[in-house]
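Every chain is numbered from 1 and lettered A, B, ... according to where its sequence line falls, protein lines coming before strand lines. Only heavy atoms go into these numbers, but all of them, side chains included; no hydrogens, no water, no symmetry mates.
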Amino acid sequence: MGLNIEKIRADFPILDRKVNGQQLAYFDNAATSQTPRQVINSIVKYYETINANIHRGVHTLSQEATDAYEAGREKVRKHFNVQHSHEIIFTSGTTHSINLVASGFGSLLQKGDEIIVSALEHHSNIVPWQMMCEKTGVVLKVIPMTLSGELDMEKYTQLLSAKTKLVFVNHVSNALGTINPIEKIISQAHEIGAAVLIDGAQAAPHIKADLQELDVDFYTVSAHKICGPTGVGILYGKEEWLRKLPPYQGGGEMIAEVTFEETTYADLPHKFEAGTPNICGGIAFGAALDYMNQIGFDKVASYEHELLTYATEKLLEIDGLKIYGESLQKTAVISFNVGNIHPYDIGTLLDKMGIAVRTGHHCAQPIMDYFQIPGTIRASFSFYNTFEEIDRLVGGVKKSVMMLS
Amino acid sequence: MGLNIEKIRADFPILDRKVNGQQLAYFDNAATSQTPRQVINSIVKYYETINANIHRGVHTLSQEATDAYEAGREKVRKHFNVQHSHEIIFTSGTTHSINLVASGFGSLLQKGDEIIVSALEHHSNIVPWQMMCEKTGVVLKVIPMTLSGELDMEKYTQLLSAKTKLVFVNHVSNALGTINPIEKIISQAHEIGAAVLIDGAQAAPHIKADLQELDVDFYTVSAHKICGPTGVGILYGKEEWLRKLPPYQGGGEMIAEVTFEETTYADLPHKFEAGTPNICGGIAFGAALDYMNQIGFDKVASYEHELLTYATEKLLEIDGLKIYGESLQKTAVISFNVGNIHPYDIGTLLDKMGIAVRTGHHCAQPIMDYFQIPGTIRASFSFYNTFEEIDRLVGGVKKSVMMLS
Amino acid sequence: MSIQEIQNEIVEEFSLFDDWMQRYEYMIELGKSLPLIEDQYKMDENIIKGCQSRVWVHAELNDDKIVFTADSDAIITKGIIAILIRAFSHQHPKDILDANTDFIDEIGLKEHLSPTRANGLVSMIKQLKMYAIAYQTQLN
Amino acid sequence: MSIQEIQNEIVEEFSLFDDWMQRYEYMIELGKSLPLIEDQYKMDENIIKGCQSRVWVHAELNDDKIVFTADSDAIITKGIIAILIRAFSHQHPKDILDANTDFIDEIGLKEHLSPTRANGLVSMIKQLKMYAIAYQTQLN
Ligand SMILES: Cc1ncc(COP(=O)(O)O)c(C=O)c1O
Ligand SMILES: Cc1ncc(COP(=O)(O)O)c(C=O)c1O
């Protein structure tokens with residue numbers, strides 16, 4: 001049994017939209033996914049029935065909001081097969097999650113220690129570490145990439161040494177769609193005693209990761225990329241690591257006792273959740289996971305793979321079209337250019353035809369530098385896209401190229 | 001012309017709720033305010049029509065989402081009479097805003113420099129500074145409070161010295177409702193060349209602050225306390241200060257150029273807005289300000305003052321009831337205890353009667369320590385509360401005291 | 001009496017009341033009859049976390065049975081722990097471990113059964129069972 | 001011709017087209033005829049920020065009038081800057097400062113008029129006016 005796409009599309013009110021007089025075809029899913037009415041409804045229901053500040057409230061609304069928020073955390077725990085719900089920290093998104101870890105690690109490492117990043121990363125998994133290295137004298141090493149957009153795993157093995165304390169790599173590259181061999185990356189790092197952070201922002205919408213099986217130390221997700229709301233995400237951390245890391249932000253909820261002389265910190269997960277969190281966001285994130293699981297990740301993955309195969313085939317028929325990222329292990333992302341045409345030009349004309357793609361460096365400049373291009377056109381597919389929409393994309397690219405040549 | 005309370009209440013779906021079989025009377029507004037349907041609608045509209053990742057997107061949805069988000073920023077700018085919209089940084093809330101400043105100031109100060117906090121602060125305006133002081137050797141001084149719950153301004157003057165670099169005080173105390181004399185605090189600090197951060201979390205729902213007139217250096221607000229959504233807030237900073245502070249988090253959007261050798265940061269406000277922000281939150285925050293302004297802050301303030309006066313009078317008729325915080329300058333907050341009865345007991349019984357109050361230390365333990373009490377019962381009023389609801393509160397407290405004695 | 005019998009008894013007592021007020025009044029009454037913890041055991045190590053009020057619990061083994069004493073600074077909390085102690089005190093560790101706590105729901109205190117509830121009923125139950133585990137190990 | 005007259009001319013030309021495709025094709029055509037900036041001025045200082053494509057603009061004073069040249073790596077952006085330059089080049093600084101840019105809306109390019117737009121039309125206009133301010137000061 002495949003997916004009932006028509007039924008699924010009816011869940012997404014925005015897909016009915018007209019853009020520049022044309023029916024919207026939304027292919028910017030890697031930037032942010034669209035939101036089904038089930039998730040929108042969970043937001044409305046929150047504000048209409050239980051909105052209240054959580055934790056320590058004796059009144060019913062506060063209690064119900066707390067229970068709903070903690071139920072959201074529990075859904076995340078279950079989805080990623082995490083052992084303890086206190087290993088799930090709610091954050092405002094992947095960027096926040098990574099900064100939390102980078103900042104904390106700064107105080108655990110010493111000058112001369114090494115940490116390893118990959119050449120395939122989003123800026124959010126580069127800059128926080130650069131900032132940390134600048135403060136601490138820790139050395140940043142880079143796993144290079146190959147022409148097919150994959151990590152050079154031999155070089156990775158060579159980079160690992162007794163000095164290596166941490167490796168941080170994305171599960172899936174946002175710019176190219178490459179699925180990295182994180183099982184290998186994790187096990188090799190663990191062999192020499194280094195910890196591993198996997199940035200799961202791009203993987204989460206397509207792959208249901210079993211974090212215990214992966215044995216990963218940290219994993220990060222943004223809700224807005226997986227049918228959830230903006231402004232919320234999670235950091236998974238193994239309990240032992242979360243205990244070792246110092247708190248990141250100070251404030252309400254994250255303390256046990258405060259005096260002006262001394263403050264003691266609260267237990268996990270509160271230690272890392274200072275201030276009023278995105279309560280509604282945590283609840284709606286849970287609703288988004290419910291939605292995705294009800295559809296089923298296996299079905300999503302196989303349907304998206306069909307879309308990818310079809311679109312790749314059709315696009316490659318266009319003269320001068322080059323696809324960046326040719327790994328066999330890819331999510332449904334196609335990053336491409338046509339001849340010397342600037343990606344911005346094609347993106348602008350596609351938009352006039354109602355077709356939404358992203359153009360530019362996709363917050364991954366090192367990848368663009370590697371290919372020596374200013375950017376790419378990126379079409380990223382989701383389970384609510386259709387083959388007809390892909391036909392429109394291919395036709396639109398052809399038309400644009402004609403106009404621009 | 002006063003407020004049309006009936007019409008206003010109809011804007012808040014949650015106020016129709018029954019709690020434990022009773023009509024809800026919501027007096028936990030200082031913890032979080034309720035959300036009018038105008039704001040809920042703005043959220044639904046966002047996800048149903050323009051949801052997309054912002055900045056640099058060439059397609060229409062991205063453009064419309066960016067425009068709406070930036071329009072939200074502009075509404076904040078206008079509301080607080082700020083000069084430049086890039087002086088408004090969107091954050092996930094006051095706690096985040098204060099941590100941003102505290103972390104950045106850490107790198108501008110030196111061992112032995114002094115910073116001044118007040119005894120009336122929320123943990124969110126204490127702990128981040130303690131963490132910073134621990135790292136840097138900067139010294140934290142405390143403006144003491146008086147029995148009436150006001151700041152001892154003479155002591156403040158004495159604390160100021162050439163060593164003082166920064167003063168951070170809340171505009172309104174969340175635990176007691178005291179409105180602090182921030183004009184004086186700011187001008188005295190400026191005279192000796194110290195900067196001032198005002199935590200406006202509790203003031204924003206009641207007082208429309210003119211930040212240029214106040215000449216304050218930093219001001220913080222949480223949307224969820226001013227009829228807006230959870231997970232978003234702002235940091236206002238004078239341009240010159242925001243330029244001086246180093247970036248807080250690294251990630252997408254906040255950079256100009258990234259290579260593994262060097263990264264340059266983007267201009268304000270992006271320098272401090274790493275990652276995908278709470279896009280919908282910024283838009284709904286703007287809708288909340290529209291809503292409040294349409295009602296009018298003058299009317300809100302005078303009506304809430306009537307509620308405060310009425311409730312104070314009626315509550316004080318109860319034998320053994322003591323109110324903490326007796327400043328003449330107060331927002332509509334009443335923090336109290338009755339005899340030796342534990343606040344939790346009264347709060348629990350009120351909840352059974354459908355009346356929502358907060359009990360405990362209100363994230364302001366130093367105030368509780370000062371009064372040597374475990375906590376208080378806090379009833380905090382909003383413009384949608386009624387005199388009848390206050391009668392129920394007073395009756396409820398009486399009934400609870402009877403049951404508990 | 002077995003734990004189950006005591007629980008039945010408590011359920012029966014509470015079933016006499018028509019409304020929450022009477023139930024709470026009775027609970028407060030029970031709180032006043034709580035077997036109080038000796039002052040020497042009222043120390044920080046015995047405080048149960050997760051409560052907005054402070055709750056101390058002490059356990060002793062007497063003739064292979066656990067005897068619980070407790071106190072709290074809030075009366076309602078005292079009533080809740082009193083009900084728990086009435087059901088679980090003077091029982092074999094194993095029986096305590098085997099016992100369920102559905103009777104809490106049946107006596108109309110369901111609202112306190114959420115793990116996030118400020119009064120920490122769930123933490124109290126956990127704590128009592130922890131003592132039972134500890135003494136059970138000791139007896140083996 | 002005055003700026004207003006040129007703008008009217010441009011509006012008239014664009015009014016001949018029925019749909020966006022023809023308009024964009026014409027804009028691309030105009031882009032190809034853009035008076036190109038000399039390579040020596042194609043440096044980082046002359047890049048206009050806020051554009052997803054790179055845009056360089058250079059200005060020179062010639063007989064009290066400003067002469068603009070420009071380039072971009074994207075054709076559509078080139079078309080947009082070409083239209084602007086056609087309207088503003090060879091004009092007195094003061095006239096440039098006084099001119100409005102409503103004609104952009106009238107030729108159906110309204111969507112580019114948002115300050116956050118990735119092509120940076122608003123930044124381009126700002127930049128042209130900045131040059132005008134600079135030269136205006138110089139002439140006074
Ligand atoms: C005075 C004051 N400051 C700071 C905060 C923290 O705000 P938030 O929890 O929204 O970050 C609060 C909220 O309770 C407050 O009342
Ligand atoms: C691989 C990857 N990492 C991190 C991020 C940053 O996520 P966010 O912007 O939600 O913080 C993204 C989002 O584009 C991403 O694709």
S.K.: Tell me, side chain or backbone of Val117(B) under 4.5 Å from chain A's heavy atoms, or both, or neither?
M.R.: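 Just the side chain, heavy atoms under 4.5 Å.
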S.K.: If I compare all heavy atoms of Lys225(B) with all of Asn53(A), which pair ends up nearest, and what's the gap?
M.R.: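 Heavy atoms of Lys225(B) and Asn53(A) come nearest at NZ-ND2, 4.5 Å.
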S.K.: Quick check: do Thr276(A) and Thr94(B) have side-chain heavy atoms less than 4.5 Å from each other?
M.R.: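 Side chain of Thr276(A) against side chain of Thr94(B), heavy atoms only: no contact under 4.5 Å found.
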S.K.: Which atoms of Asp16(B) are under 4.5 Å from chain A, going by heavy atoms: the side chain, the backbone, both sets, or neither?
M.R.: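 Contact with chain A is absent: no heavy atom of Asp16(B) under 4.5 Å.
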S.K.: I'd like to verify something: which residue of Ser107(A), Ser124(A), Gly233(A) has the highest number of heavy-atom pairs under 4.5 Å with chain B?
M.R.: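 Highest number of heavy-atom pairs under 4.5 Å: Ser124(A).
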S.K.: Picking from Val142(A), Thr348(A), Ile355(A), which has the most non-hydrogen pairs under 4.5 angstrom with chain B?
M.R.: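 Max contact count across the listed options: Val142(A).
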S.K.: Using 0.5 Å steps for rounding, measure from the OG1 atom of Thr230(B) to the CG atom of Asn51(A).
M.R.: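 Those atoms lie 7.5 Å apart.
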S.K.: Considering all heavy atoms of both residues, which atom of Tyr248(A) and which atom of Met131(B) are nearest to each other, and what is their separation?
M.R.: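 For Tyr248(A) and Met131(B), the tightest heavy-atom pair comes out as O-CE, 3.4 Å.
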S.K.: Restricting to non-hydrogen atoms, name the atom on Pro366(A) and the atom on Val258(B) that form the minimum distance, rounded to 0.1 Å.
M.R.: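 Closest approach of Pro366(A) to Val258(B): CD-O, 4.0 Å.
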S.K.: Counting heavy-atom pairs under 4.5 Å with chain B, which one of Thr263(A), Ile126(A), Leu140(A), Thr49(A) comes out on top?
M.R.: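 The option with the most such pairs is Thr49(A).
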S.K.: As an exercise, state the distance from CZ of Phe260(B) to SG of Cys133(A), rounded to the nearest 0.5 Å.
M.R.: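 Rounded to the nearest 0.5 Å, the CZ-SG separation comes out at 11.5 Å.
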S.K.: Using non-hydrogen atoms only, which part of Tyr265(B) is less than 4.5 Å away from chain A: side chain, backbone, both, or neither?
M.R.: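 Tyr265(B) touches chain A through side-chain heavy atoms alone.
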S.K.: Top residue by heavy-atom pair count (under 4.5 Å) with chain A, among Gly360(B), Pro229(B), Ser92(B), Cys363(B)?
M.R.: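 Greatest number of close heavy-atom pairs with chain A: Pro229(B).
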S.K.: What are the two closest heavy atoms between Gly251(A) and Pro128(B), and how far apart are they?
M.R.: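 It is N-CD, 4.4 Å.
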S.K.: For Gln130(A) and Thr259(B), work out which heavy atoms get closest and say how close.
M.R.: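 Result for this residue pair: NE2-O, 2.8 Å.
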S.K.: For chain B, find which of Glu134(A), Glu257(A), His122(A) contributes the most heavy-atom pairs closer than 4.5 angstrom.
M.R.: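 Looking at each option in turn, the highest pair count goes to Glu257(A).
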S.K.: Taking all non-hydrogen atoms of both residues, which atom of Ile54(B) and which atom of Arg358(A) are closest, and how far apart?
M.R.: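 Looking at all heavy atoms of both residues, the closest pair is O-NH1, 4.1 Å.
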S.K.: For the interface with chain A, which of Glu121(B), Glu64(B), His59(B), Lys352(B) has the highest count of heavy-atom pairs at distances below 4.5 Å?
M.R.: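 Heavy-atom pair counts peak at His59(B).
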S.K.: Picking from Ile279(A), Asn99(A), Asn41(A), Val127(A), which has the most non-hydrogen pairs under 4.5 angstrom with chain B?
M.R.: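 Heavy-atom pair counts peak at Asn99(A).
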S.K.: Taking Leu100(A), Asp369(A), Asn20(A), Leu61(A) one by one, which has the highest count of heavy-atom pairs under 4.5 Å against chain B?
M.R.: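 If we count pairs closer than 4.5 Å to chain B, Leu61(A) comes out on top.
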